[in-house]
K.L.:
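Before I ask anything, here is the structure I am working with.
As a basis for the values below, the full set of heavy atoms in this structure was taken, side chains included, without hydrogen atoms, waters or symmetry mates. From a predicted model like this one, the values you see are computed outputs, not experimental measurements.
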Amino acid sequence: LRYINLPTPLSWLSKIVENFLIFLQKNSFDNWAMIIILFSIIVKISMIPISLITEKIQNKVKHIQSLLNPKILEIKNKYTGEEAHERILLAHKELGVSPFFRLKLMIGLFIQLPIFIVIFNVLGEMSQFDGESFLWIQNLAYSDNIPILGYNISLLPFLMTIISIVSTMSMNLNESYE
């Protein structure tokens, strides 16, 4: 009954991901926390091509917008109503793009989102994590609540946020040096 809440293709993919995690555990580390870390690295590396394609599309859209925005601003200042609309459509046509060209930015999201939904469901459903500990986490099947100042606080979301911010900042710094 696991993954029954997912649409059939995502359910199949979930079973594949779960079997892959079990394969990794049988053929590498005995500790499930290390398997999750290894799996995270594998997923991140496998997402690099999608990220590169998305970045290429993003740069193209930014370039088109830089050419199109001054024309659209000029049209909006001179014309109103249907005439402005027709001229804006003509400006898009002159550049060889659809008025919906910005939607291309969502391609990467539409590819990655189902993958992340599957991974989230698999990691939440695997009974193998029950009773496994890692660092301060007593049980990988449950949240990592630790008492701080009288409250139970999960550190992993904070750690994940900090890592994401540092990663984003380092990528932005690298882009500014190029």
Side-chain angles (χ1 to χ4, degrees), residues 1-62 97-172 174-175:
L1 292 175
R2 284 194 302 205
Y3 316 123
I4 199 158
N5 61 328
L6 296 174
T8 303
L10 295 181
S11 177
W12 292 339
L13 191 56
S14 295
K15 291 172 187 170
I16 291 169
V17 168
E18 181 177 341
N19 288 331
F20 181 66
L21 283 166
I22 292 169
F23 171 80
L24 284 176
Q25 194 269 338
K26 286 181 180 177
N27 294 300
S28 59
F29 303 103
D30 192 37
N31 185 327
W32 278 102
M34 295 304 293
I35 297 302
I36 293 171
I37 292 169
L38 177 63
F39 180 70
S40 298
I41 293 168
I42 291 170
V43 168
K44 187 70 174 173
I45 290 170
S46 66
M47 292 291 190
I48 288 173
I50 296 169
S51 298
L52 292 175
I53 290 169
T54 303
E55 186 177 340
K56 187 176 179 181
I57 291 170
Q58 203 172 28
N59 290 337
K60 188 175 181 180
V61 167
K62 283 181 185 178
V97 296
S98 162
F100 303 107
F101 74 97
R102 289 177 189 91
L103 293 178
K104 286 184 179 181
L105 293 174
M106 299 178 79
I107 290 173
L109 176 67
F110 287 135
I111 293 170
Q112 292 176 355
L113 193 59
I115 295 168
F116 292 136
I117 289 170
V118 164
I119 292 170
F120 176 80
N121 277 279
V122 169
L123 293 177
E125 294 283 335
M126 288 187 68
S127 60
Q128 290 90 336
F129 299 148
D130 195 21
E132 291 286 324
S133 62
F134 182 70
L135 299 177
W136 70 88
I137 305 167
Q138 300 299 318
N139 191 337
L140 291 175
Y142 300 102
S143 62
D144 65 319
N145 292 335
I146 59 171
I148 297 178
L149 301 174
Y151 298 98
N152 284 335
I153 297 176
S154 295
L155 288 181
L156 286 179
F158 292 106
L159 183 61
M160 181 184 74
T161 302
I162 291 168
I163 290 171
S164 295
I165 290 170
V166 169
S167 166
T168 302
M169 289 173 59
S170 69
M171 288 184 69
N172 288 340
N174 288 338
E175 287 177 7

K.L.:
Give the C-alpha distance, both sets of side-chain angles, the deciding distance and a yes or no for side-chain contact (heavy atoms from CB on, under 4.5 Å) between V61 and Q58.
P.N.:
CA-CA 5 Å; V61 167; Q58 203 172 28; 5.8 Å; no

K.L.:
How long is the gap from CG on N27 to CZ on F23, to the nearest 0.5 Å?
P.N.:
4.0 Å

K.L.:
Is it the case that the side chain of S11 and the backbone of P7 share a donor-acceptor pair, with hydrogens and angles ignored and the cut-off at 3.5 Å?
P.N.:
no

K.L.:
Are more than 12 heavy atoms, taken from residues, nucleotides or ligands other than N59, located less than 6.0 Å from that residue's CG atom?
P.N.:
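Above 12, so yes.
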
K.L.:
Looking only at heavy atoms, what is the nearest atom pair of N121 and I117, with distance?
P.N.:
ND2-O, 2.8 Å

K.L.:
Are L13 and P114 packed together at the side-chain level, in the sense that at least one heavy-atom pair is separated by less than 4.5 angstrom?
P.N.:
no

K.L.:
Measuring from atom CZ of F39 to atom CD1 of I119, what distance do you get when rounded to the nearest 0.5 angstrom?
P.N.:
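Atom-to-atom, F39:CZ and I119:CD1 are 4.0 Å apart.
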
K.L.:
Going by ring pair (Phe, Tyr, Trp, His ring centres under 6.0 Å), name the pairs with one or both residues in residues 102-134, residues two or more places apart or in two chains.
P.N.:
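Applying ring pair (Phe, Tyr, Trp, His ring centres under 6.0 Å) to every pair that reaches into residues 102-134, excluding sequence neighbours, yields W32-F129.
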
K.L.:
Provide the closest heavy-atom pair for Q25 versus I35 in the form atom of the first, atom of the second, distance.
P.N.:
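Heavy atoms of Q25 and I35 come nearest at CA-CD1, 3.5 Å.
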
K.L.:
May I have the list of side-chain donor-acceptor pairs in residues 45-54 shorter than 3.5 Å, sequence neighbours left out?
P.N.:
unit_1, atom_1, unit_2, atom_2, d
S46, OG, I42, O, 3.2
S46, OG, V43, O, 2.8
S51, OG, M47, O, 3.1
T54, OG1, I50, O, 2.8

K.L.:
Can you tell me how far CD of E132 sits from CE of M34, rounded to the nearest 0.5 angstrom?
P.N.:
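These two atoms lie 12.5 Å from each other.
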
K.L.:
Which atom pairs, donor and acceptor, lie under 3.5 Å between side-chain atoms of residues 14-21 and protein residues at least two apart or in another chain?
P.N.:
unit_1, atom_1, unit_2, atom_2, d
S14, OG, L10, O, 2.8
E18, OE1, R2, NH2, 3.3
E18, OE1, Y3, OH, 2.5
E18, OE2, R2, NH2, 2.5
N19, ND2, K15, O, 3.2

K.L.:
To the nearest 0.5 Å, what is the distance between CZ on R102 and CD1 on I57?
P.N.:
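Going from CZ on R102 over to CD1 on I57, the span is 15.0 Å.
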
